[in-house]
S.K.: 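Sharing a structure with you now.
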Number of protein chains: 2
Amino acid sequence: MIRTVPALKENSVKDNNDMPGHLARRFQQIAVAVFLAEVGDAGFDLTPVQYAALATIKANPGLDQVTLAGLIAYDRTTITGVIDRLVQKDLIERRASPRDRRARELEITDEGRRALRKITPAVESAQRIMLRGLSAKEGEELMRLLRKAIAAGNELSRAPLRE
Amino acid sequence: MIRTVPALKENSVKDNNDMPGHLARRFQQIAVAVFLAEVGDAGFDLTPVQYAALATIKANPGLDQVTLAGLIAYDRTTITGVIDRLVQKDLIERRASPRDRRARELEITDEGRRALRKITPAVESAQRIMLRGLSAKEGEELMRLLRKAIAAGNELSRAPLRE
DNA sequence: TACTGATAGTCAGCATACTGATCAATATCG
DNA sequence: CGATATTGATCAGTATGCTGACTATCAGTA
């Protein structure tokens with residue numbers, strides 16, 4: 001096939017599929033949808049962010065909000081609302097720290113522990129589903145590359161990971 | 001080293017870094033931050049979503065909102081606000097379609113064209129920066145794996161890609 | 001101890017994203 | 001033709017995520 005007119009303009013605009021930023025958004029979009037579907041099917045109403053916060057609070061009892069934010073790379077202004085909703089659902093407790101009156105200590109409740117236990121299979125299932133197009137080896141490689149890119153860019157967002 | 005007590009509970013909770021969903025969120029978070037920083041340094045106030053919409057409207061003059069949404073995998077309810085803001089900035093025009101009175105035809109303005117031209121280097125720079133931790137080969141492999149995972153999960157989100 | 005800077009948390013404001021609903025217009029089929 | 005279904009767009013409501021500002025508190029130092 002011979003084109004009489006070369007498509008100059010079109011070639012100068014990169015395809016979305018060549019843009020890592022676009023691919024990042026798409027993959028995250030699917031990941032969230034899968035998470036909500038699996039967790040919803042299991043009878044729970046918990047977002048990915050709420051789950052990550054809940055699991056991290058359980059693993060680090062009594063931590064404050066800034067530390068929590070650092071451990072899961074959230075902005076501290078985002079954490080406030082997430083915590084509010086977890087408290088609302090009686091999954092965690094927020095109380096003033098005796099050592100630092102600015103800080104709030106976070107603790108998982110029994111109900112939070114129960115929810116976390118029951119929800120775990122759905123979360124693991126979701127992680128599998130979002131990689132279902134890849135072989136096990138490819139899935140591992142994708143995660144390795146993501147970890148590497150993230151490590152190099154950690155300081156570039158307002159909410160870097162802090163250990 | 002001998003552990004007297006096996007850490008059963010802790011081991012049952014997967015590390016965030018083993019969760020593709022968490023890695024997806026982190027990578028996207030960094031990608032957006034880098035995009036906004038680069039584009040902002042270039043003197044423009046445009047989000048990744050607005051950029052993608054603008055570029056797609058330029059490449060497909062006169063398309064309607066649902067088609068645009070499909071081409072970049074947005075939810076149609078999200079598009080409304082994005083279009084509002086692009087119109088507000090005089091980068092595009094939205095007018096009623098003569099063929100289908102439900103639909104709106106979208107067209108880039110001269111100012112939109114100018115902005116797109118001037119902003120392109122910053123966008124390309126952003127794509128490089130978000131992969132700066134990876135070799136060229138690794139960057140290609142990451143994009144290939146993301147494309148593959150996305151293709152397999154396309155129908156799982158409310159806003160799949162439509163060609 | 002008083003001043004200064006840093007820190008924990010919250011808030012207002014804005015921009016994605018989604019669910020589910022509604023309205024108007026178009027398509028389809030009996 | 002007319003009833004029905006579908007489609008394009010919008011809206012209300014909710015939940016991230018961010019910027020920038022603010023208060024209260026704490027820490028270090030002159």
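Naming: A, B, ... by sequence-line order, numbering from 1 per chain. Atoms considered below: every heavy atom in the structure, side chains included; atoms not considered: hydrogens, waters and symmetry mates.
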S.K.: Sequence neighbours excluded, which residues qualify as salt bridge (charged side-chain N to carboxylate O under 4.0 Å, His left out) partners of A:R114?
M.R.: none
S.K.: Mind checking A:V32 for me? I need base, sugar-phosphate or nothing, with any heavy atom below 4.0 Å counting as a touch.
M.R.: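 Here A:V32 touches no strand at all.
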S.K.: Table please: side-chain donor-acceptor pairs of residues 27-46 of chain A below 3.5 Å, with sequence neighbours left out.
M.R.:
residue: A:Q29; atom: OE1; partner: A:R26; partner atom: NH1; Å: 2.6
residue: A:Q29; atom: NE2; partner: B:A73; partner atom: O; Å: 3.0
residue: A:E38; atom: OE1; partner: A:S125; partner atom: OG; Å: 2.7

S.K.: For B:I83 and C:dT16, what is the distance between atoms CD1 and C1' respectively, to the nearest whole Å?
M.R.: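 Checked: the CD1 to C1' distance equals 14 Å.
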S.K.: Pair up each side-chain donor or acceptor in residues 76-87 of chain B with any protein partner under 3.5 Å, not counting sequence neighbours, and list the distances.
M.R.:
residue: B:T77; atom: OG1; partner: B:D75; partner atom: OD1; Å: 2.7
residue: B:D84; atom: OD1; partner: B:R94; partner atom: NH2; Å: 2.5
residue: B:R85; atom: NH2; partner: B:G81; partner atom: O; Å: 3.4

S.K.: For A:A52, is there any backbone N or O sitting under 3.5 Å from a side-chain donor or acceptor partner on A:T56?
M.R.: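 Yes, because the side chain of A:T56 sits within donor-acceptor range (under 3.5 Å) of the backbone of A:A52.
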S.K.: Dump every N/O contact between nucleotides 6-10 of chain C and the protein below 3.5 Å, one line per pair.
M.R.:
residue: C:dT7; atom: O2; partner: A:R102; partner atom: NH1; Å: 2.5
residue: C:dG9; atom: OP1; partner: A:Q65; partner atom: N; Å: 3.3
residue: C:dG9; atom: OP1; partner: A:R104; partner atom: N; Å: 2.6
residue: C:dG9; atom: OP1; partner: A:R104; partner atom: O; Å: 3.4
residue: C:dG9; atom: OP2; partner: A:D64; partner atom: OD2; Å: 3.4
residue: C:dG9; atom: OP2; partner: A:Q65; partner atom: N; Å: 3.0
residue: C:dG9; atom: OP2; partner: A:V66; partner atom: N; Å: 2.7
residue: C:dG9; atom: O6; partner: A:R76; partner atom: NH2; Å: 3.4
residue: C:dT10; atom: OP1; partner: A:R94; partner atom: NH1; Å: 3.2
residue: C:dT10; atom: OP2; partner: A:Q65; partner atom: OE1; Å: 3.4
residue: C:dT10; atom: OP2; partner: A:Q65; partner atom: NE2; Å: 2.8
residue: C:dT10; atom: OP2; partner: A:T80; partner atom: OG1; Å: 3.3

S.K.: Think A:Q29 has a side-chain N or O under 4.0 angstrom from the OP1 or OP2 of C:dC18?
M.R.: yes
S.K.: Return the set of residues passing salt bridge (charged side-chain N to carboxylate O under 4.0 Å, His left out) with A:R95 (not counting sequence neighbours), or none when no residue passes.
M.R.: A:E93, A:E105, A:E107
S.K.: Listed by chain and number, what are the salt bridge (charged side-chain N to carboxylate O under 4.0 Å, His left out) partners of B:K148, not counting sequence neighbours?
M.R.: A:E138
S.K.: Which comes earlier along DNA chain C counting from the 5' end, the contact point of B:D75 or that of B:K89, where each point is its nearest nucleotide?
M.R.: B:K89
S.K.: So that I can tick it off, tell me whether B:E140 and B:K137 are bridged by a salt bridge, with the cut-off set at under 4.0 angstrom between side-chain N and carboxylate O.
M.R.: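 Salt bridge flag = no for B:E140 with B:K137.
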S.K.: Return the pairing partner of D:dA30 with a 3.5 Å limit on both distances, Watson-Crick or G-U wobble; otherwise return none.
M.R.: C:dT1
S.K.: My understanding is that only residues two or more places apart in sequence, or in another chain, count here; which of them pass side-chain hydrogen bond (donor to acceptor under 3.5 Å, both in side chains) with A:D90?
M.R.: none
S.K.: My understanding is that only residues two or more places apart in sequence, or in another chain, count here; which of them pass side-chain hydrogen bond (donor to acceptor under 3.5 Å, both in side chains) with A:S97?
M.R.: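 So A:S97 forms no side-chain hydrogen bond (donor to acceptor under 3.5 Å, both in side chains) with any residue.
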S.K.: Using atom CD1 of A:I30 as one end and atom C1' of C:dA17 as the other, report the distance to the nearest whole Å.
M.R.: 14 Å
S.K.: From the 5' end of DNA chain D to its 3' end, which nucleotides mark the outer limits of contact with chain A, defined by a 4.0 Å heavy-atom distance cut-off (strictly under)?
M.R.: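 Here the contact window of chain A covers D:dA15 to D:dC26.
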S.K.: Can you name the salt bridge (charged side-chain N to carboxylate O under 4.0 Å, His left out) partners of B:R117, sequence neighbours left out?
M.R.: none
S.K.: I need the residues from residues 40-49 of chain A with at least one non-hydrogen atom less than 4.0 Å from DNA chain D; give them sorted by number, or say none.
M.R.: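 Correct list: A:T47, A:V49.
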S.K.: So, using side-chain hydrogen bond (donor to acceptor under 3.5 Å, both in side chains) as the criterion, who are the partners of A:R162 when residues are at least two apart?
M.R.: A:E155
